[in-house]
Asker: 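Handing you this structure, nothing more for now.
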Amino acid sequence: MVWFAFVGSCLLLAMIPGVSTAVILRQTLRAGRSSGAAALLGNETGIFLWAMAAVFGLSALVLASEVAYGAMKAVGAALLVVMGVQSLWKARRASVPLDAPVPLDAPVPYDGGEARTTGGGLRRSYGLGVATCGANPKAAVFAMSFLPQFVPQGAHVPLTLTLLAGVWVAVDVVWYVGVIWLIGRAGAVLGRPAVRRRLEQVSGAVLVALGVRVALEVR
């Protein structure tokens with residue numbers, strides 16, 4: 001029953017829109033499902049690293065330090081704002097004719113040709129996923145306070161926490177893969193440059209708002 005409760009809790013956490021959702025959706029909409037999947041893998045790498053830090057007590061040290069916590073918050077907020085401003089700028093200078101739909105699995109010429117699903121573009125998306133998760137203090141809080149609640153009494157704590165972290169990542173991957181797949185299925189509509197521009201504007205505004213919220217968030 002503990003494991004069923006844990007899986008259900010992980011699914012609920014994944015379904016709540018937040019920084020991870022915004023970044024994964026942004027990369028999917030800008031450069032296709034491959035880029036979204038790379039951002040997803042980067043995000044889950046960050047989650048697993050925070051979970052491992054919780055296993056060895058490192059996240060507690062970070063959260064106990066006002067300087068470290070503040071620095072993480074500042075970096076995370078700045079990264080989100082920069083990505084948001086980039087999206088707003090790309091939407092503003094879009095110049096593709098409105099009647100030329102672009103498949104979501106193809107590189108997006110509408111943003112000036114900078115979005116690519118090549119190795120470099122995928123590495124960049126992966127890096128964004130790792131960076132946004134790694135610089136998110138909430139990820140550290142969740143890892144330190146969420147996982148230990150599901151460790152059964154008498155269980156080997158480090159091993160159980162590691163298994164729980166793996167399940168957490170697996171549930172996240174299943175959820176976001178489904179989201180990315182649905183976006184791909186809607187490619188006929190979302191691939192239209194006019195729609196893409198609007199989505200860039202929305203995602204940009206959301207990322208800026210999330211960045212401001214992170215910066216102003218009281219510990």
Asker: I'd like to know if L49 and V23 are part of one continuous hydrophobic network [Ile/Leu/Val/Met/Phe/Trp/Tyr, side-chain heavy atoms within less than 4.5 Å].
Answerer: no
Asker: Would you check if F150 and L161 make a side-chain contact, meaning some heavy-atom pair closer than 4.5 Å?
Answerer: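 Contact flag for F150/L161 side chains = no.
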Asker: Kindly give the heavy-atom pair with the smallest separation between C133 and G46, and that separation in Å.
Answerer: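 Residues C133 and G46, closest heavy atoms: SG-C, 3.5 Å.
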Asker: When you look at L164 and T160, which way does the side-chain contact (heavy atoms from CB on, under 4.5 Å) test go after all the steps?
Answerer: CA-CA 6 Å; L164 289 171; T160 304; 4.1 Å; yes
Asker: Please examine the side chains of L25 and I183, heavy atoms only from C-beta on, and report whether any two atoms are closer than 4.5 Å.
Answerer: yes
Asker: Kindly indicate, with the supporting measurements, whether the criterion side-chain contact (heavy atoms from CB on, under 4.5 Å) is fulfilled by L122 and S34.
Answerer: CA-CA 7 Å; L122 295 180; S34 296; 3.9 Å; yes
Asker: Any link between W3 and L147 through a network of hydrophobic side chains (Ile, Leu, Val, Met, Phe, Trp, Tyr) touching at under 4.5 Å?
Answerer: yes
Asker: Could you give me the CA-CA distance, side-chain angles and deciding distance for N43 and V130, then say whether side-chain contact (heavy atoms from CB on, under 4.5 Å) is met?
Answerer: CA-CA 5 Å; N43 181 74; V130 174; over 6 Å; no
Asker: To the closest 0.5 Å, what do you measure between CH2 (W175) and CE (M15)?
Answerer: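 Reported value, rounded in 0.5 Å steps: 4.0 Å.
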Asker: If Ile, Leu, Val, Met, Phe, Trp and Tyr residues are connected whenever their side-chain heavy atoms lie under 4.5 Å apart, and connections chain through other members, are L41 and I180 in the same group?
Answerer: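 In one cluster: no.
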Asker: Specify the closest pair of heavy atoms between Y176 and E44, including all atoms of both residues, with the distance to one decimal.
Answerer: CD1-OE2, 4.2 Å
Asker: Report yes or no: do V169 and V174 belong to one cluster of Ile/Leu/Val/Met/Phe/Trp/Tyr joined by side chain heavy-atom distances under 4.5 Å?
Answerer: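 Different clusters.
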Asker: Are V7 and V177 linked, directly or through intermediate hydrophobic residues, by side-chain heavy-atom contacts shorter than 4.5 Å (ILVMFWY only)?
Answerer: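 Result: yes, single cluster for both.
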Asker: Do the side chains of T132 and S20 get nearer than 4.5 Å, heavy atoms only?
Answerer: no
Asker: Look up atom CZ in F48 and atom OG1 in T162, then write down how far apart they are to the nearest 0.5 Å.
Answerer: 6.0 Å
Asker: Kindly indicate whether the side chain of L40, heavy atoms from C-beta on, has any atom under 4.5 Å from the side chain of Y126.
Answerer: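 No. Closest side-chain heavy atoms not under 4.5 Å.
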Asker: Just how far is it from atom OG of S9 to atom CZ of F4, taken to the nearest 0.5 Å?
Answerer: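 Taking OG in S9 and CZ in F4, the distance rounds to 13.0 Å.
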Asker: Would you say V171 and F6 make side-chain contact, with heavy atoms under 4.5 Å?
Answerer: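 Counting from C-beta outward, V171 and F6 never come under 4.5 Å.
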Asker: Would you give the length of the straight line joining atom CH2 of W168 to atom CG of L13, rounded to the nearest 0.5 angstrom?
Answerer: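 Going from the CH2 atom of W168 to the CG atom of L13 covers 7.0 Å.
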Asker: Please name the pair of heavy atoms, one in L128 and one in Q27, separated by the smallest distance, quoted to 0.1 Å.
Answerer: CD1-OE1, 3.7 Å
Asker: Taking the side chain as C-beta and beyond, is there a heavy-atom pair between D172 and L11 under 4.5 Å?
Answerer: no
